[in-house]
Amino acid sequence: MKVLIIGGSGFLGTELVRRATATGWETAATYCSRPGGIAEASWHRLDLRSPGHIDEVLAAVAPSAVIDATSGGSDWAVTADGSIRVAMAATRRGCRLVHVSSDAVFSGSRIHYDETCLPDPVTPYGAAKAAAETAVRLLAPTAAVARTSLIIGHGRYGGSVHERLVHALAAGTHDGVLFTDDIRCPVHVEDLASALLELAVSDHGGMFHLAGADALSRHELGVLIARRDGLDAARLPAGRRADTPMPGALDVRLDSGATQERVRTRLRGAGEFLHVR
């Protein structure tokens, strides 16, 4: 198995590279500004905003599968156009494609979203992700498109952006609050990476939801992270997103039921993977 991980130096990408190399796969990964620290992988600089650059990387690596885990935020040129370039290039070379999308494609108007739900984004990031996944499904009909939610790790080496925020708020080094009305289904990075690699070696196409089993507010999630890491959860400030001008969906719960019937990886809930023993 030869896999190319787009965005391999990011939080999710690092776990994908770690697992792929540990499994014995020939692994290549891309970075934008700085290569990742896993020496067993070959690293390639990639600017998804540059036409033709992804073709050069694919020609050099010649992978059998591509996992697009890049994160360009609301930068349309990376998140939308860049992902479309990846899909076009992978299709031309006959590569298996797994594209990582987000629950940000939903407005929260219906709260519960299964794999059949169509995007209705309300933020620039969500719109870019929605455009990318729609184009991928048209350009690469056999590809797997995997929507996910807040990604959590072990808290070691800085953890995810969500874990770092909890630590900063508990230490009083960051201003802000954790919303009590902003609800998602957090997933552990190990479960997510395992499921994505499973999809990479399968012939399953279409839409998948890779989110945890528990729906939690960002404040509830922060409390669990604080308790796991030995922080004072009482120091975490709480607030309501509805009371701020900040755009975005409030309650988005990805239903991963149909996906769990197609993948072996069990997607644990935050109550389980953040449980303090």
Side-chain angles (χ1 to χ4, degrees), residues 1-10 12-17 19-21 23 25-32 41-44 46-72 76-105 115 118-119 128-148 151 192-210 256 258-259 262-265:
M1 183 65 181
K2 192 172 188 180
V3 64
L4 172 65
I5 298 167
I6 309 290
S9 59
L12 172 59
T14 296
E15 181 64 19
L16 285 166
V17 173
R19 283 182 166 261
T21 55
T23 303
W25 293 3
E26 188 175 350
T27 306
T30 73
Y31 66 95
C32 182
S42 62
W43 291 92
H44 303 261
L46 174 63
D47 185 350
L48 287 175
R49 298 166 297 183
S50 175
H53 202 180
I54 181 61
D55 294 282
E56 296 172 8
V57 173
L58 283 174
V61 175
S64 51
V66 175
I67 301 177
D68 184 1
T70 192
S71 178
W76 190 275
V78 176
T79 300
D81 295 347
S83 294
I84 294 169
R85 289 191 178 103
V86 170
M88 293 172 65
T91 300
R92 283 194 294 268
R93 298 191 65 88
C95 301
R96 166 68 170 164
L97 176 62
V98 178
H99 173 80
V100 181
S101 189
S102 166
D103 58 10
V105 301
E115 293 86 347
L118 298 178
K129 277 294 191 183
E133 69 173 40
T134 300
V136 167
R137 296 184 73 183
L138 290 172
L139 293 168
T142 61
V145 177
R147 295 171 177 146
T148 191
I151 306 174
L192 178 57
S194 174
L196 291 171
L197 292 172
E198 187 180 334
L199 288 173
V201 296
S202 77
D203 58 1
H204 295 323
M207 186 64 65
F208 297 83
H209 280 184
L210 300 178
S256 304
T259 294
R262 303 176 71 188
V263 300
R264 296 185 305 274
T265 301

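Only this structure's heavy atoms are used, side chains among them; waters, hydrogens and symmetry mates stay out. Because the structure is predicted, anything quoted here is derived from the model rather than measured.
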Spacing of [X] atom [atom1] and [Y] atom [atom2] [to the nearest 0.5 Å]:
{"X": "Thr148", "Y": "His209", "atom1": "OG1", "atom2": "NE2", "answer": "9.5 Å"}
{"X": "Met207", "Y": "Arg147", "atom1": "CE", "atom2": "CZ", "answer": "3.5 Å"}
{"X": "Ser101", "Y": "Arg137", "atom1": "OG", "atom2": "CZ", "answer": "10.5 Å"}
{"X": "Leu48", "Y": "Asp68", "atom1": "CG", "atom2": "CG", "answer": "6.5 Å"}
{"X": "Asp103", "Y": "Leu210", "atom1": "CG", "atom2": "CG", "answer": "11.5 Å"}
{"X": "Leu139", "Y": "Arg92", "atom1": "CG", "atom2": "CZ", "answer": "9.5 Å"}

Step by step, work out the side chain to side chain contact (heavy atoms under 4.5 Å, CB included) result for Leu97 and Val86. CA-CA 9 Å; Leu97 176 62; Val86 170; 4.2 Å; yes
So which heavy atom on [X] is nearest to which on [Y], and how close?
{"X": "Val100", "Y": "Lys129", "result": "O-NZ, 2.9 Å"}
{"X": "Gly8", "Y": "Ala29", "result": "CA-CB, 4.0 Å"}
{"X": "Ala130", "Y": "Val105", "result": "N-CG1, 3.6 Å"}
{"X": "His204", "Y": "Leu199", "result": "CB-CD2, 4.3 Å"}
{"X": "Ala128", "Y": "Ala80", "result": "O-CB, 3.7 Å"}
{"X": "Leu58", "Y": "Ala89", "result": "CD1-CB, 3.4 Å"}

Evaluate the side-chain proximity of Leu46 to Thr70: yes if any heavy-atom separation is below 4.5 Å, no if none is.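 They are not in contact (no side-chain heavy atoms under 4.5 Å apart), so the answer is no.
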Side-chain heavy-atom pair Leu197, Ile67 within 4.5 angstrom cut-off: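 The answer is yes, as the side chains (C-beta and beyond) meet within the 4.5 Å cut-off.
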Do side-chain atoms of [X] reach the backbone of [Y] as a donor and acceptor pair under 3.5 angstrom?
{"X": "Arg49", "Y": "Asp81", "result": "no"}
{"X": "Ser64", "Y": "Met1", "result": "no"}
{"X": "Glu198", "Y": "Thr265", "result": "yes"}
{"X": "Thr30", "Y": "Gly7", "result": "yes"}
{"X": "Arg93", "Y": "Pro63", "result": "no"}
{"X": "Thr27", "Y": "Val3", "result": "no"}
{"X": "Arg96", "Y": "Thr142", "result": "yes"}

Assess whether a salt bridge exists between Arg19 and Glu15, defined as any Lys/Arg side-chain N lying under 4.0 Å from an Asp/Glu carboxylate O.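 Salt bridge between Arg19 and Glu15, a charged N being under 4.0 Å from a carboxylate O: yes.
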Partner of Ile5 under side chain to side chain contact (heavy atoms under 4.5 Å, CB included), chosen from Leu16, Leu196, Leu12, Thr14: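 Output: one option passes, namely Leu16.
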